[in-house]
Amino acid sequence: MSVNKVKQALNKLADPVVAQVTAQSFKIGKEYESSKKFLGLKVPAVREICKQYRTLPLGEIEKLLASPIHEHRLAALIIMVEQAKKANPESKKQLHDLYLRRIDEINNWELVDVSCHYVLGGYLMDKPRDVLYELARSNDAWRRRIAIVSTWQFIRSGQADDTFAIAEILLADTQPSVQKAVGWMLREAGKRVDEKALTGFLERHYQGMSRTTLRYAIERLSSVQKAHFMNKPGS
């Protein structure tokens, strides 16, 4: 089982028209203007191909993750997630280490959101989470998004303290991709763990967060609560 076979399976389904639309939808800069960076595959199609390569060796996964083509990197991350779900502690650590080693290749919202909560968050469930706080203070927006979205795995297990703590670090973030992710995770923390903790957090911090973050965070609250936060002076 090799990286070349995975690439061949993905490349066979390439659609240049869809690739061009995808590039535009990601609001990519000049270096991505050519659709050659995208094959034009949707996530479900990539997932279907990845089912055949769930046992791809770690070294081959790393080669795939190093590809300049978006869908190649997406496939690598999907395979990492599938392996992480069933991995023993040592294998989870190896996947976690690979993720951090190749973190520069995880450079758009789709790649972040499909992977980090399983590969990083899952590994850190019973460990110190300092690395997420380091990522939250990074100059790179995608690393900051990884920091907050990784806490989704904690939320699913009923833990929200790190979500609120990392959200507080990121409240003044000016990048829309980070603002949306912070609001999203706050919303999930309120929905799945503790709504009172969410509303208390919002009462303390609404003046320091963007309207984007606030709108995402209150999405699951009652209409009365939404009006309360959106119409507060300074919000």
Candidate pair Ile103 and Arg143, rule side-chain contact (heavy atoms from CB on, under 4.5 Å), full reasoning: CA-CA 8 Å; Ile103 198 168; Arg143 294 187 183 207; 3.3 Å; yes

Stepwise side-chain contact (heavy atoms from CB on, under 4.5 Å) check, Arg73 with Arg102: CA-CA 10 Å; Arg73 301 199 305 282; Arg102 286 291 183 177; over 6 Å; no

CA sep, side-chain torsions, deciding dist, call: Lys180, Thr212, side-chain contact (heavy atoms from CB on, under 4.5 Å): CA-CA 6 Å; Lys180 292 174 183 177; Thr212 298; 3.7 Å; yes

Test log, rule side-chain contact (heavy atoms from CB on, under 4.5 Å), inputs Lys226 and Arg215: CA-CA 8 Å; Lys226 289 178 182 178; Arg215 282 196 298 269; over 6 Å; no

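Between atom CZ of residue Arg54 and atom CD of residue Gln52 there is a gap of 10.0 Å, rounded to the nearest 0.5 Å. Distance check: Leu135 CG to Asp130 CG gives 11.0 Å after rounding to the nearest 0.5 Å. Interatomic distance, His96 NE2 to Cys116 SG, rounded to the nearest 0.5 Å: 11.5 Å. The distance from the NZ atom of Lys127 to the NZ atom of Lys93 is 9.5 Å, given to the nearest 0.5 Å. Taken from CD1 in Ile79 to CD1 in Ile49, the straight-line distance is 10.0 Å, to the nearest 0.5 Å. Separating the OG1 atom in Thr151 from the CD1 atom in Ile146 is a distance of 12.5 Å, to the nearest 0.5 Å.
The salt bridge (Lys or Arg N to Asp or Glu O under 4.0 Å) check on Asp140 picks up nothing, with sequence neighbours excluded. The salt bridge (Lys or Arg N to Asp or Glu O under 4.0 Å) test applied to Glu110 returns no partner, not counting sequence neighbours. When the ring pair (Phe, Tyr, Trp, His ring centres under 6.0 Å) test is applied to Phe164, the partners found at least two apart in sequence or on another chain are Phe201. The side chain to side chain contact (heavy atoms under 4.5 Å, CB included) test applied to Ser222 returns Val224, Gln225, not counting sequence neighbours.
Scanning all heavy atoms of the two residues, the minimum distance from Leu202 to Ala217 falls at CD2-CB, 4.1 Å. The shortest non-hydrogen separation linking Ile166 to Ala136 is CG2-CB, 3.9 Å. Of all heavy-atom pairs spanning Met125 and Ser157, the tightest one is CE-OG, 3.3 Å. Ala181 approaches Ile148 most closely through the heavy-atom pair CB-CG2, 3.8 Å. Val6 and Ala75 get closest at one heavy-atom pair: CG1-CB, 4.5 Å. Here the closest non-hydrogen pair linking Asn108 and His70 is ND2-ND1, 3.1 Å.
Contact annotation: the side chain of Met80 never approaches that of Leu58 to less than 4.5 Å [non-hydrogen atoms, C-beta and beyond]. A 4.5 Å side-chain heavy-atom check between Arg47 and Val114 finds at least one atom pair inside the cut-off. Residues Ile106 and Tyr99 are in side-chain contact: their nearest non-hydrogen atoms beyond the backbone lie under 4.5 Å apart. Using a 4.5 Å cut-off on side-chain heavy atoms (C-beta onward), Phe229 and Glu203 make contact. Here the side chains of Val131 and Leu120 are not in contact, with every heavy-atom distance at 4.5 Å or above. With contacts defined as side-chain heavy-atom distances shorter than 4.5 Å, the pair Gln153/Leu124 does not qualify. Looking only at side-chain heavy atoms (C-beta outward), Leu74 and Leu77 stay at 4.5 Å or farther from each other. Side-chain contact between Cys50 and Val46: present, with at least one pair of heavy atoms (C-beta onward) separated by less than 4.5 Å.
For the residue pair Ser210/Thr213, the side-chain donor-acceptor check at 3.5 Å is satisfied. There is no side-chain donor-acceptor pair under 3.5 Å between Asn139 and Arg144.
Between the side chain of Arg145 and the main chain of Val112, no donor-acceptor pair closer than 3.5 Å is present. Using modelled atom types, no side-chain atom of Glu60 and backbone atom of Ser2 make a donor-acceptor pair closer than 3.5 Å. Judged by distance alone, with hydrogens and angles left aside, the side-chain atoms of Glu82 form no donor-acceptor pair with the main-chain N or O of Tyr53 at under 3.5 Å. Gln83 places no side-chain N or O within 3.5 Å of a backbone atom of Leu95 that could act as its donor or acceptor partner.
Relative to the ring axis of Phe154, Arg129 places its NZ or CZ within 45° and under 6.0 Å from the centre. For Lys85 and Tyr118, the positive end sits near the middle of the six-membered ring, less than 6.0 Å away and at most 45° from its axis.
Other residues, nucleotides and ligands place more than 12 heavy atoms under 6.0 Å from the CZ atom of Arg156. When the shell of 6.0 Å around CG of Asp97 is examined, it contains more than 12 heavy atoms from other residues, nucleotides or ligands.
A single hydrophobic cluster is not seen to contain both Phe38 and Val21; linkage of ILVMFWY side chains at heavy-atom distances under 4.5 Å, directly or through other members, places them apart.
The pair Arg101-Glu62 counts as a salt bridge, with a side-chain nitrogen and a carboxylate oxygen less than 4.0 angstrom apart. The existence of a salt bridge linking Arg137 and Glu134 is excluded, since no basic side-chain nitrogen approaches an acidic carboxylate oxygen closer than 4.0 Å.
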Run the side-chain donor-acceptor check on residues 182-193: report pairs under 3.5 Å with partners two or more places apart or on a different chain.
residue	atom	partner	partner atom	Å
Arg187	NH1	Glu219	OE1	2.5
Glu188	OE1	Arg192	NE	2.9
Glu188	OE2	Lys191	NZ	3.4

Scan the side chains in residues 9-17 for donor-acceptor partners under 3.5 Å anywhere in the protein, sequence neighbours excluded, and list what turns up.
residue	atom	partner	partner atom	Å
Asn11	OD1	His72	NE2	2.9
Asn11	ND2	Lys7	O	3.2
Asp15	OD1	Val17	N	3.1
Asp15	OD1	Val18	N	3.3

